[in-house]
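Report on the structure given below.
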Amino acid sequence: MTDERIDTNGESEKPKNFLEEIIEGDIKSGKHGGRVLTRFPPEPNGYLHIGHAKSICLNFGLAQRYGGQTNLRFDDTNPVKEDVEYVDSIKEDVRWLGFNWANEVYASDYFEQLYQWAVALISKGLAYVDDQTQEQIRLSRGTVTQPGKPSPWRDRSAEENLDIFARMRAGEYPDGSKVLRAKIDMAHPNMLMRDPILYRIIHAHHHRTGDKWCIYPMYDYAHGQSDSIERITHSICTLEFDVHRPLYDWFIERLDIFPSKQYEFARLNITYTVMSKRKLLELVKEKVVMAWDDPRMPTICGLRRRGYTPEAIRTFAERVGVAKRDNVIDLSLLEFCIREDLNKRAERRMAVLNPLKVVITNYPEGQTEQLEAVNNPEDEGAGKRSVPFSRELYIEQEDFMENPPKKFFRLAPGNEVRLRYAYFITCNEVIKDNDGNIVELRCTYDPASKGGHSPDGRKVQGTMHWVSAQHAVPAEVRLFDRLFTNPDPNDVPDGEDWKTAINPESLKVITAYVEPELAKADVLDKFQFERMGYFCVDTDSTPEKMVFNRTVTLKDTWAKISSK
RNA sequence: UGUCCUGUAGUGUAAUUGGCAACACGUCUGACUCUGGAUCAGAAGAGUCUAGGUUCGACCCCUAGCAGGACAACCA
């Protein structure tokens with residue numbers, strides 16, 4: 001493992017992040033009897049993305065590490081935005097990442113309790129019904145530098161408030177006509193403390209409570225109390241909620257309920273990636289991508305379809321660390337994590353992406369032989385397979401150069417290379433079409449080099465992948481690249497559409513020739529196409545027409561050298 | 001302009017809680033190799049935002065600046 005230190009006992013120990021320090025401190029001091037209960041609280045209004053994965057791994061990981069548990073709680077307090085479609089996808093994604101929640105709960109489960117607490121606050125003179133319009137409320141809130149002004153309804157009697165609030169619940173008033181607000185301080189330097197809204201009237205159908213309610217609690221009023229009801233010990237959220245913490249604590253103190261505590265960490269950002277739900281939705285709606293699970297999307301389902309594994313994502317979440325300062329992680333770290341995982345696990349296959357025909361002139365016409373190939377040099381247990389070889393082959397176009405530069409190790413006129421697991425071949429003749437394009441190579445092979453070894457011990461510099469022309473299976477291959485050309489897609493000049501930074505070459509569809517063994521593959525099976533990268537079978541794939549997605553290329557030293 | 005949060009190699013995260021900075025990704029060498037993959041070995045790269053202060057000693061504590069971020073939805 002990485003990031004380890006060797007302590008005096010010779011045991012390795014990972015450096016702790018600030019949340020682990022806090023939890024360990026709490027356990028040591030006996031807070032909550034050493035109990036640890038976290039929660040992952042998505043709003044069911046969109047698909048989960050890699051940023052959520054960081055939060056999921058954090059919440060579940062922390063609980064696991066300290067013998068605790070984690071609730072999956074849907075923060076469903078806004079019926080106009082939420083839908084069961086999202087509930088289902090969120091559950092699927094959390095499970096796929098490898099986590100099991102202790103309880104599946106919903107903020108809407110607590111609507112009655114929340115209502116009762118609101119009544120209690122009103123009775124204590126800590127909340128009131130405001131009849132002002134949305135506009136009036138906004139205006140009277142003041143600005144960050146100027147205090148707000150009290151509502152003319154601020155001093156209604158508790159009796160009157162109680163009565164009106166009950167009628168709000170009963171559905172006597174139209175949407176937007178009244179709200180329930182906490183009575184705190186209209187001059188508070190923290191805008192959120194300027195008599196925040198607790199309840200608003202929304203006559204809308206809720207995905208779980210149906211039409212039972214027409215008043216719905218706001219986030220600030222619902223979240224902390226939900227934590228408290230579940231007796232969450234550590235409520236971990238992202239930095240932008242830091243400002244909300246005083247309010248979070250205010251409700252818990254006034255209501256005198258279980259003291260859950262909120263802690264904030266910096267959300268994940270990745271180069272060449274947008275992470276906002278709004279922008280991701282826009283990409284889907286405007287058909288910039290195929291869907292939420294488009295392999296170019298940073299959504300969990302997109303990454304899954306792209307060929308990422310839960311293990312790689314978890315490792316990534318571990319390696320990006322946790323802290324309170326804003327951060328932007330190199331996309332290369334994510335790519336490193338998936339390569340590292342797939343290198344150990346993905347079986348190797350040969351596939352030619354851009355075919356160039358090769359005829360072995362001294363190989364008997366009509367002959368075919370089966371050659372043995374190792375499935376995964378990193379894993380003995382993966383076994384072997386056989387690959388058909390014949391007189392006519394395809395190799396990669398980029399593996400041949402008529403006038404090669406100095407350090408080009410691949411095929412060139414007069415040059416001998418190895419065909420992986422097959423033979424040494426030498427190129428004798430280059431055949432071109434009328435436009436001068438190379439269309440075929442005539443080569444000879446050394447029958448003694450069968451299997452890829454030369455009996456006389458002579459070395460070749462290059463080893464290339466290939467497929468037998470008559471045996472190869474054509475397949476669609478989708479070559480994905482980063483969705484944006486700008487490392488910071490959010491950095492757009494004023495007034496310009498943020499989507500101008502979209503990479504026009506983020507998807508190239510080609511027809512490749514793959515070795516016949518690949519025809520047995522199932523959807524989502526992952527392979528390394530030797531020397532080309534990691535690929536997985538797309539959900540669009542059928543036995544008649546296979547479709548592969550490129551997850552990530554292999555590290556390509558030659559590309560680096562040749563581009564210099 | 002108010003309040004809060006945050007400033008450590010290119011990017012992230014550490015530093016036994018005060019003993020002059022480590023690990024990972026990336027970059028660059030080299031070795032090895034039937035993947036220009038993997039693996040292995042090594043290198044470069046920060047003196048910790050700035051200025052003061054406390055201290056024998058400061059990335060760590062204090063003060064003042066500076067920079068970045070968050071907050072003015074009946075969103076979460």
Side-chain angles (χ1 to χ4, degrees), chain A residues 2-5 7-8 14-17 21 41-43 45 75-78 80-82 130 133-134 137-139 141-148 175-181 188-194 197-202 216 218-220 222-223 237-246 264 266 271 277 319-337 339-340 343-344 348 350 373-374 377-378 407-410 418-422 424 451-453 459-465 528-533 554-562:
Chain A
T2 57
D3 262 30
E4 289 174 338
R5 271 183 325 207
D7 69 15
T8 46
K14 275 197 301 182
K16 291 177 186 36
N17 63 51
E21 300 280 6
E43 181 186 14
N45 71 342
D75 228 331
D76 55 351
T77 57
N78 187 358
V80 304
K81 289 191 174 179
E82 295 148 10
D130 195 342
T133 64
Q134 188 166 338
I137 290 177
R138 189 173 60 78
L139 260 23
R141 187 151 30 223
T143 69
V144 288
T145 52
Q146 294 167 320
D175 286 6
S177 58
K178 286 174 166 45
V179 290
L180 183 73
R181 300 178 72 177
H188 198 105
N190 182 340
M191 299 287 297
L192 288 163
M193 300 296 273
R194 321 246 259 229
I197 292 169
L198 272 38
Y199 274 91
R200 73 287 214 196
I201 300 171
I202 306 174
Y216 291 92
M218 297 285 290
Y219 166 85
D220 283 305
H223 201 97
C237 62
T238 43
L239 246 32
E240 63 270 28
F241 292 99
D242 179 296
V243 205
H244 295 245
R245 182 154 26 89
E264 311 85 18
T271 54
K277 271 189 192 176
R319 289 194 182 154
V320 298
V322 187
K324 293 193 76 159
R325 72 179 108 151
D326 293 325
N327 61 83
V328 185
I329 305 295
D330 274 342
L331 219 210
S332 63
L333 180 62
L334 216 211
E335 295 183 336
F336 171 83
C337 291
R339 283 194 191 104
E340 181 185 52
N343 175 50
K344 290 179 300 194
R348 269 107 246 233
M350 291 197 282
V374 171
E378 304 290 321
K407 290 200 261 180
F408 188 78
F409 299 159
R410 282 111 98 142
R418 170 169 39 232
L419 292 179
R420 179 142 232 223
Y421 300 125
F424 285 13
H453 312 274
K459 299 276 185 195
V460 289
Q461 288 212 92
T463 298
M464 296 160 25
H465 63 281
Q528 182 196 103
F529 289 177
E530 296 225 19
R531 306 206 304 137
M532 303 311 293
L554 249 29
K555 212 168 88 184
D556 190 347
T557 310
W558 168 245
K560 221 170 265 175
I561 297 170
S562 62

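Protein chains get the first letters and strands the later ones, always in sequence-line order, with residue 1 at the start of each.
- Between B:C40 and B:G47, the two C1' atoms lie 31 Å apart (nearest whole Å).
- The two residues A:Val243 and A:Leu192 have their closest heavy-atom pair at O-CD1, 3.5 Å.
- Mapping A:Met464 and A:Gln134 onto RNA chain B via the closest heavy atom, the residue that lands nearer the 5' end is A:Met464.
- Both distances falling under 3.5 Å, in either a Watson-Crick or a G-U wobble arrangement, occur for no nucleotide opposite B:A14.
- The shortest non-hydrogen separation linking A:Glu264 to A:Arg245 is OE2-NE, 2.6 Å.
- Distance A:Phe336 CZ to B:A24 P: 10 Å, rounded to the nearest Å.
- Rounded to an integer number of Å, the gap from CZ of A:Arg319 to C1' of B:G12 is 12 Å.
- Atom CD in A:Glu530 sits about 13 Å away from atom C1' in B:U33, given to the nearest Å.
- In this structure, A:Phe241 reaches the bases: a heavy-atom distance under 4.0 Å links it to at least one base atom across the strands shown.
- Here the C1' atom of nucleotide B:C74 and the CD1 atom of A:Ile197 are 5 Å apart, to the nearest Å.
- Applying the Watson-Crick and G-U wobble criteria (two distances, each under 3.5 Å), B:U33 pairs with nothing in any strand.
- When distances are taken from the side chain of A:Ser332 to each of B:C25, B:U35, B:A70, the shortest belongs to B:C25.
- At a threshold of 4.0 angstrom between heavy atoms, the contacts of A:Leu419 with the nucleic acid are absent.
- You'll find that the side chain of A:Lys81 is closest to B:C75, out of B:C75, B:G36, B:A70.
- If you check B:U17, B:G37, B:C75 against the side chain of A:Glu43, the one that comes closest is B:C75.
- Rounded to the nearest 0.5 angstrom, A:Lys459 NZ and A:Arg418 CZ are separated by 8.0 Å.
- Residue side chain A:His244 reaches the base of B:A76 through a donor-acceptor N/O pair under 3.5 Å, judged by distance alone.
- Taking atom CD on A:Glu82 and atom P on B:A76, their separation rounds to 7 Å, with Å as the unit.
- Contact of A:Glu335 with B:G26 (side chain to base): no donor-acceptor pair of N or O atoms is detected under 3.5 Å.
- The CD1 atom of A:Ile201 sits 12.0 Å away from the OH atom of A:Tyr216 when rounded to the nearest 0.5 Å.
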Under-3.5 Å N/O pairs linking protein and nucleotides 5-9 of chain B:
from, atom 1, to, atom 2, distance (Å)
B:U8, OP2, A:Arg325, NH1, 2.5
B:U8, O4, A:Arg325, NH2, 2.9

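- No N or O donor and acceptor, one from the side chain of A:Asp556 and one from the base of B:G37, sit under 3.5 Å apart.
- The distance from atom CZ of A:Arg194 to atom P of B:A72 is 11 Å, rounded to the nearest whole Å.
- Within the 4.5 Å cutoff, no side-chain heavy atoms of A:Ile329 are placed close to those of A:Leu334.
- Between A:Lys277 and B:A76 there is no side-chain N or O to OP1 or OP2 distance below 4.0 Å.
- The stacking criteria are not both satisfied for A:Tyr219 over the base of B:A76, which would need a centre-to-centre distance under 5.5 angstrom and an angle between ring planes under 30 degrees.
- To the nearest 0.5 Å, atoms CD (A:Glu340) and CG (A:Asn343) are separated by 8.5 Å.
- When heavy atoms are screened at a 4.0 angstrom cut-off, A:Thr238 is found touching no nucleic acid atom at all.
- Atom P of B:A14 sits at a distance of 29 Å from the matching atom of B:G52, rounded to the whole Å.
- With a 3.5 Å ceiling on both atom-pair distances, the Watson-Crick or G-U wobble partner of B:A64 is B:U50.
- Looking only at side-chain heavy atoms (C-beta outward), A:Val374 and A:Tyr421 come within less than 4.5 Å of each other.
- An OP1 or OP2 oxygen of B:A76 is reached within less than 4.0 angstrom by a side-chain nitrogen or oxygen of A:Thr77.
- Within the 4.0 angstrom heavy-atom criterion, base atoms lie near A:Val144.
- Distance, A:Asn17 CG to B:U17 C1': 16 Å, rounded to whole Å.
- B:U48 and B:C32 have their C1' atoms separated by 39 Å, with the value rounded to a whole Å.
- To the nearest 0.5 Å, atom CZ of residue A:Arg531 and atom CH2 of residue A:Trp558 are 11.5 Å apart.
- Nucleotides B:A58 and B:G19, compared at atom C1', are 10 Å apart to the nearest Å.
- Classification of B:U55 as anti follows from a glycosidic angle more than 90° from 0.
- Interface remark: the A:Gln528 side chain does form a donor-acceptor pair with the B:U35 base, using a distance-only criterion of under 3.5 Å.
- Residue A:Arg141 places none of its side-chain N or O atoms closer than 4.0 Å to OP1 or OP2 of B:C71.
- For B:G37, the OP1/OP2 oxygens have a side-chain nitrogen or oxygen of A:Thr557 closer than 4.0 Å.
- Within 4.0 Å of A:Phe424, counting heavy atoms only, lies no atom of the nucleic acid at all.
- If you take atom P in B:G53 and the same atom in B:C60, they sit 14 Å apart, rounded to whole Å.
- In this structure, A:Arg339 places its CZ atom 12 Å from C1' of B:A38, rounding to the nearest Å.
- You'll find that the side chain of A:Arg531 is closest to B:U35, out of B:U35, B:A15, B:C75.
- Rounded to whole Å, the P atom of B:U54 lies 15 Å from the corresponding atom of B:C62.
- The minimum heavy-atom distance between A:Asp130 and A:Arg181, with the atom names listed, is OD2-NH1, 2.8 Å.
- Rounded to the nearest 0.5 Å, atoms NZ (A:Lys555) and OG (A:Ser332) are 11.5 Å apart.
- Using N1 to N3 plus N6-O4 or O6-N4 for Watson-Crick, or N1-O2 and O6-N3 for G-U wobble, each under 3.5 Å, B:C71 pairs with B:G2.
- Candidate nucleotides B:A76, B:U35, B:C74 were compared by shortest atom distance to the side chain of A:Pro377, and B:U35 ranks first.
- Separating the C1' atom of B:U27 from that of B:C66 is a span of 31 Å, rounded to the nearest Å.
- Taking only side-chain atoms of A:Asn343, from C-beta outward, the nucleotide of B:A72, B:G36, B:G37 with the closest atom is B:G37.
- Look at the C1' atom in both B:U3 and B:A72: the space between them is 12 Å, to the nearest Å.
- Among B:G36, B:A72, B:A14, the nucleotide with an atom closest to any side-chain atom of A:Thr143 is B:A72.
- For the pair A:Lys324/A:Asp242, a side-chain contact is recorded, criterion being any heavy-atom separation below 4.5 Å from C-beta on.
- Taking every side-chain heavy atom of A:Asn78 into account, B:A76 is the closest of B:G2, B:C74, B:A76.
- Scanning both residues, A:Thr271 and A:Leu331, for their nearest heavy atoms gives OG1-N, 2.9 Å.
- When each of A:Lys560 and A:Leu554 is assigned the nucleotide of RNA chain B bearing its nearest heavy atom, the one mapping closer to the 5' terminus is A:Lys560.
- Of the candidates B:U13, B:C74, B:U1, B:U1 carries the atom nearest the A:Thr145 side chain, counting heavy atoms from C-beta on.
- With its glycosidic angle within 90° of 0, B:G47 adopts the syn conformation.
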